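Shown next, in structure tokens, is the structure this report addresses.
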Amino acid sequence: MNNLIPREYDLLASRKVKSGPLLVWAGMDPSRSASLFTALSPSLATSVFTTLSLSLSLSLSHLRRLFSLFEVSEGPMREGIRVLNVAEKPSVAKAVAGILSQGRLRVREGRSRYNKVYEFEHAIRGQRCHMLFTSVTGHLMEIVFHERYKKWHSCDPADLFSAPIQKHVPQDKLDIKRTLEEEARTCQWLVLWLDCDREGENIAFEVVEVCTTANRNLDIWRAHFSALIDREIRHAVQNLGRPNQLFSDAVDARQEIDLRIGASFTRFQTMLLKNAFVLNISDDDKNVIVSYGPCQFPTLGFVVERYWEIQAHEPEEFWTINCSHKTDEGIATFNWTRGHLFDYSCALIIYEMCVEEPTATVKKVSHQERRKYPPHPLSTLELQKRASQYFRMSSEHTMKVAEDLYQAGFISYPRTETDSFSPNTDLQALVREQQGHPEWGSYAQRLLSPEGLWRNPSSGGHDDKAHPPIHPTKFSAGESSWSPDHHRLYELVVRHFLACVSQPAIGAGTTVEIDIAGEVFVASGLMIIEKNYLEVYRFESWGGSTIPTYAFGQQFIPTRLTLDSSVTRPPPLLSESDLLSCMDKAGIGTDATMHDHIKKLLDRFYAIKDSNTRFSPTTLGEALVMGYDCMGWDLWKPNLRSAMESDMKAVSEGRKTKSEVLASCLQQMKDCFLDVKSHKAKLFETMGIFFERSNTPGGDNLHLAGGKVRSCQQCQESEMVLRRRPDGSFMVGCLRFPLCRNVVWLPGAISEALVTEHVCNVCNPEPVFKIQFKFRRMEIPPNFDTEHLGCIGGCDETLRELIQICGTGPRNLSSGSGTRGRQPTQFSGSAQRRNTSQVVCARCRQSGHSSNDCPQISRSQDAQRPGHGNSNSGGADVLCESCQMPCTVRTANTENNRGRRFYKCDRQECNFFIWEDAIGSGNRGASRVNGNRSSVRGGQAGRGRGRRGARSGAATFVTATGEPVSDRRCFSCGDPSHFANVCPNRGM
DNA sequence: GCAAGGTC
């Protein structure tokens, strides 16, 4: 036994530890200390302590007092273990220490002002322990490249895939590191209370590294807990395990991959592009960073993809039969169970059948109880989405406000994936707290009363095992220091919580099914009986609508039976809420970082957010995505991140090793990088479509040809300027590109072009400046001069002929984007337009579209479509009544006329406009309130084929001019002997 | 000057 004493003596004497009740046992092997302590007699102990006191300059009386205290208070002497506990954040350290000490604890400052040290006594499995509880603030370490590779120009970015890296504690974490080192030296155990996820496990190993460097004898333990509630924490401390190296390895791999590919691609892109093009995205383009990241790029990809989808959308007309019935009790709107038909003829035949036999027979009446359930408990993602939807707050701002509320103790930890409460949570106590609130206090009181409003919250099925759902933790009727957004967010958290523990809303639903000439229509009504959670959750509503009473077999004539047309619409731009959902679905980012990735898109000028919180790509964002897409690499898609995530999972489960995943992933990404690098001309080319070349050093010899040629007649907002593309060809394009895509392509044989001051005296509107061209002799026929003063306004036959002879592209057009054996992803929109705009239409001889897309053909085809039969617009231009110039056909995008085409004179002073469907109907210039093409009652002009009128419930046919039709013929075959509903050719 | 992940 005595042989232990010198060891203890050495340990203690060698360290300048602070005094404390368990001082003398610091550094002792806990498995042996018990027997040592038990065997020590008071006299022997006194002797030991005397020696120690001399070495440690402590008073003997102090040591005696400590020893006596033990002897008296503990009976048979038991050893005390000094345990260093480390949590991932200060709040967790405080909460766990509070639970385990039951409030009997001491607090002292650590080296870091945020990370305090709590001290208390606690028994772990009967073992007396002196607990020191402190924290880190997330990751303690970061990985960086070795000094040699840190400067951007220190190496080829490709070298970053293999450059040596090191993990170190950054400057701002050194205080925390010192605290850990100092406390670890005095302890025998280290218990890791990091969050129970992969990142938490990785942070745990960072703590282990720091602590064991200071004290290699530490016994390392891991506490596993899923919520900061008594039972969980007490169970965790009595069932300590060991940290999971595999979880940590997975994070190590992710960190290294993220760093290497992020740094390499970012350096490459930035150095390649920022000096070569006039990006015009910041006051100083020199500071621009064209970053790449495995999360930010797929996030951008979602934005661009939706944008392209909208651009590529072509409205398609469809037809619906709508029916309504008005009685003294109200109106029932019946929906056609076929939904809608794209075939006008079919729709019209069916409609004629209905009008022919318009009596509706009630086939089914059903009554059901309907319930609208309250939302699941609040996760971070839902908080962000709802704050965006209800208050238009950005996800980033939401998290800042939530963090403030959390720091001040009003709400629980705001970064959580969990959307179900632990059964041990005292939810009623949380509700009780809110009883005094002037707005929702009475609802909280009712929740706790026996009236039955209470309901245990549902589970959303997610649990990050680290934090509870976001909920209020402290009552507030509003603090004076709060901004309006603090008020809003606190209110959302409280109301959401109260809603979660409430009964669902209950309604009485009625469904009525009717039959008109064999066609089925359905109407439904809903009457809210009990609002329940909707009373407190004012952000949601439940559209209550009542319908008249119907009985089975009842018959009636519909008040309104109309054949209505509408057009398909493109999806809207992605809202912030949509974007968060896309990211969540694809596993891009975490609950704590998703808003960062969105913000990064804005910071990097890759996307903009409009006032409706909808995102569209900037020119730079679209160009980058298009550039990579043209090269055939899916770097902007979520696949890469998903694959990485899958590999991380494999590492954490032991199916793959960290080194295995690192080697394969980095090799793959390096191959990709080298390929992109070798095809950088492609990226350059795409950028050249969107941006002017820069003359600043660092760019190459391509340059903007420059000079205004004319004002843009398409957007009417900007100018058409002469440009030279990276492939050497010339074009005249609108400065607003890509917002305006007006372009005039020029012959490929041009070697030089210069805008002159000569104004064309033929083309309008003036001025159209002529361009001095120089052609390459070998590329034009001998009868053409190499010098030519030309006009792009449409009068120049020479240019037109040379375009036909030489084409518009560069001399050696590459084979396009599929040159590496891999076809690029097909996408519509801008890229397709770019390709087609390089050809000349064989029909109208205009450049910028192929004969397939020729607007003249489109107009002719339009004339062939149903509904255009009587139109006088077919095939011929509509001329402005004022200036007699051809009008431009456009599509309306207003709420009442969305999708409806009209002709408009481009000359602003004319102000001439006419609906396409009004041409020939005698309704020139008349606008329509709705899209009805035919109606039983009160319809407006039809599409030329005829419209329906009504007399007291009986259907009548009228012509476009309103005259009754007496000699109706079958619509399908034209035979006057029968109607379409009995046409023998029907269905052929 | 670069990533994404923690957290203050």
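Fair warning: this is a prediction, and the values are worked out from it, not measured in the lab. Just so we're on the same page: letters track the sequence lines, and every chain starts at 1.
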Is Gln269(A) near enough to dC2(B) that one of its side-chain N or O atoms lies under 4.0 angstrom from OP1 or OP2?
no
Sugar-phosphate, base or nothing in reach of Gln255(A), heavy atoms under 4.0 Å
base
Before we go on, tell me: are the rings of Phe615(A) and Phe302(A) under 6.0 Å apart, centre to centre?
no
Phosphate oxygens OP1/OP2 of dA4(B): is one of them under 4.0 Å from a side-chain N or O of Arg260(A)?
no
Of residues 597-605 of chain A, the positions that come close to DNA chain B - non-hydrogen atoms, cut-off under 4.0 Å
His597(A), Lys600(A), Arg604(A)
In whole angstrom, what separates Phe205(A)'s CZ from dG6(B)'s P?
18 Å
May I ask you to establish whether Lys150(A) and Phe145(A) are in a cation-pi arrangement, using a distance under 6.0 Å from NZ or CZ to the six-membered ring centre and at most 45° from the ring axis?
no
From the candidates dT7(B), dG6(B), dA3(B), the one with an atom nearest any side-chain atom of Ile143(A) is dA3(B)
Looking only at the side chain of Ile289(A) (C-beta and beyond, no hydrogens), which of the listed nucleotides dG1(B), dT7(B), dG6(B) gets closest?
dG1(B)
Is any side-chain nitrogen or oxygen of Arg415(A) closer than 4.0 Å to OP1 or OP2 of dG6(B)?
no
At under 4.0 Å between heavy atoms, what does Arg113(A) touch on the DNA or RNA strands: base, sugar-phosphate, or nothing?
nothing
Output the rounded distance in Å from CG (Asn202(A)) to P (dT7(B)).
13 Å
Rounded to whole angstrom units, what separation is found between the CE atom of Met399(A) and the P atom of dG5(B)?
14 Å
On DNA chain B, more 5' by nearest nucleotide between Tyr114(A) and Glu256(A) is Glu256(A)
Rounding to a whole Å, what distance do you find between Phe247(A):CZ and dG5(B):C1'?
16 Å
Could I get the full list of ring-ring contact (aromatic ring centres under 6.0 Å, His included) partners for Phe268(A), not counting sequence neighbours?
Phe673(A)
Contact class for Thr137(A) (heavy atom, under 4.0 Å): base, sugar-phosphate, or nothing?
base
Looking at every strand, decide which applies to Thr270(A) at a 4.0 Å heavy-atom threshold: base, sugar-phosphate, or nothing.
base
OP1 or OP2 of dA4(B) under 4.0 Å from side-chain N/O of Thr593(A):
no
Mind calculating the distance between NE2 (His139(A)) and C1' (dG6(B)) to the nearest angstrom?
5 Å
Have a look at Gly200(A) and say if it touches a base, only the backbone sugar-phosphate, or nothing, with a 4.0 Å heavy-atom cut-off.
nothing
Under-4.0 Å salt bridge between Asp578(A) and Lys385(A)
no
Could you tell me whether Pro294(A) contacts a base, only the sugar-phosphate backbone, or nothing, with contacts defined as non-hydrogen atoms closer than 4.0 Å?
sugar-phosphate
Please say whether the positively charged group of Arg106(A), taken as NZ for Lys or CZ for Arg, lies over the ring of Tyr118(A), i.e. under 6.0 angstrom from the six-membered ring centre and within 45 degrees of the axis.
no
Describe the nucleic acid contact of Glu142(A) in one word from base, sugar-phosphate, nothing, applying a heavy-atom distance below 4.0 Å.
nothing
Quickly work out the Asp172(A) CG to dG5(B) P distance and round it to whole Å.
19 Å
Which nucleotide in the set dA3(B), dG5(B), dG6(B) lies at the smallest distance from any side-chain heavy atom of Thr266(A)?
dA3(B)
Check whether the aromatic ring of Trp152(A) stacks on the base of dG1(B), taking stacking as ring centres less than 5.5 Å apart and planes within 30° of each other.
yes
Quick check on Lys670(A): does its NZ atom have over 12 non-hydrogen neighbours (other residues, nucleotides or ligands) under 6.0 Å away?
yes
Test: Lys649(A) and Glu645(A) ion pair at under 4.0 Å:
no
Measuring from the side chain of Lys274(A) (C-beta onward, heavy atoms only), which nucleotide among dG1(B), dA3(B), dA4(B) has the closest atom?
dG1(B)
Which residues pass the ring-ring contact (aromatic ring centres under 6.0 Å, His included) test with His467(A), sequence neighbours left out?
Tyr413(A)
Using a heavy-atom cut-off of 4.0 Å across all strands, would you classify Phe265(A) as base, sugar-phosphate, or nothing?
nothing
Using a heavy-atom cut-off of 4.0 Å across all strands, would you classify Asp195(A) as base, sugar-phosphate, or nothing?
sugar-phosphate
Tell me: NZ of Lys173(A) to C1' of dG6(B), nearest whole Å?
7 Å
Please work out if Leu194(A) contacts a base, only the sugar-phosphate, or nothing of the nucleic acid, heavy-atom cut-off 4.0 Å.
nothing
If you assign Tyr413(A) and Ile261(A) each to the DNA chain B nucleotide with the nearest heavy atom, which residue ends up on the more 5' nucleotide?
Ile261(A)
When rounded to whole Å, the NZ to C1' distance for the pair Lys150(A) and dG1(B) reads 13 Å
Tell me yes or no: between the side chains of His146(A) and Gln166(A), is some donor less than 3.5 Å from an acceptor?
yes
